[in-house]
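Have a look at this one.
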Amino acid sequence: MPGEVVAGFFFEDQRPVEGPSALLDWRLNGLLHKLLLAGSATGQLGENILVGNNGKLEASWILFVGGGRLQDLAPFTYGGLVSSVVDDCRRAGFNQISLCLTAPADAAPDWVEQLARELALGSGDMEILLTLQEGVGA
């Protein structure tokens, strides 16, 4: 994934971690998995883990974002969570972010297009790249 930072969500009620964060974790030699086993990470809403690239990804930074409980995640709340990550990355000084998303279980077919439009409206000069994995849910 290109960008200055690649962000993926992990959830407190999903073990093992699945989806994009599982792939990012694999490329980082299981760093997130080790943090979870040690109790240093939980996946709680608002938890952010920013780590430097180990040379296996194009981006310089990887951001694992706690999404709370996956079973409680609805398309509307997921959109707010994504917007919050974009705002956090902007405040951190990033200009290009790759978001690795998983569509919520009951998302409308055009969910990602709606989200992309909303992000484009509030992105200013920040470049946001979206990658979507479908079919994962509570």
Result for side chain to side chain contact (heavy atoms under 4.5 Å, CB included) between Leu35 and one of Thr42, Asp25, Ile49 points to Ile49

For Ser60, the side chain to side chain donor-acceptor pair (under 3.5 Å) test, sequence neighbours excluded, returns none

>> Hydrophobic cluster membership, with links at side-chain heavy-atom distances under 4.5 Å among I/L/V/M/F/W/Y: are Leu23 and Leu130 in one?
In response: no

Checklist entry - Does Pro20 reach the side chain of Thr102, with side-chain heavy atoms less than 4.5 Å apart? => result yes

One should read off an interatomic distance between Thr77 OG1 and Asp72 CG, to the nearest 0.5 angstrom, of 8.5 Å

When rounded to the nearest 0.5 Å, the distance separating CG of Leu32 from CG of Leu24 is 9.0 Å

Distance col, row Phe94:CZ vs Met126:CE, nearest 0.5 angstrom, shows 8.5 Å

Residues at least two apart in sequence or cross-chain that pass side chain to side chain donor-acceptor pair (under 3.5 Å) with Lys56, listed by chain then number, are Asn29

Does Gln14 use its side chain to pair, donor to acceptor, with the backbone of Phe11 at less than 3.5 Å? no

Point to revise | Non-hydrogen side-chain atoms of Phe9 and Val85 separated by less than 4.5 Å | key: yes

Residues Leu45 and Glu12: closest non-hydrogen pair is N-OE2, 4.4 Å

Output for pair (Glu4 CD, Ser98 OG), nearest 0.5 Å, gives 10.0 Å

Same cluster or not: Leu37 versus Leu28, using hydrophobic residues (I, L, V, M, F, W, Y) connected whenever any side-chain heavy atoms lie under 4.5 Å apart? no

Does any part of the side chain of Leu99, heavy atoms only, come nearer than 4.5 Å to the side chain of Val6, both counted from C-beta?
no

Test your reading of the model: is there a side-chain donor-acceptor pair from Ser83 to the backbone of Gly79, 3.5 Å cut-off? yes

Keeping the roles fixed (side chain from Asn53, backbone from Ala59), state whether a donor-acceptor pair exists under 3.5 Å. yes

Hits for side chain to side chain donor-acceptor pair (under 3.5 Å) against Gln96, two or more places apart or cross-chain, chain-then-number order -> Glu127

Test side chain to side chain contact (heavy atoms under 4.5 Å, CB included), reference Cys89, set Ile128, Leu63, Leu50, output is Leu63

To the nearest 0.5 Å, atom CZ of Arg15 lies from atom CZ of Phe10 at 7.0 Å

With clusters defined by side-chain heavy atoms of hydrophobic residues (ILVMFWY) lying less than 4.5 Å apart, directly or transitively, does Leu129 cluster with Val82?
no

Distance col, row Asn48:CG vs Phe64:CZ, nearest 0.5 angstrom, shows 12.0 Å

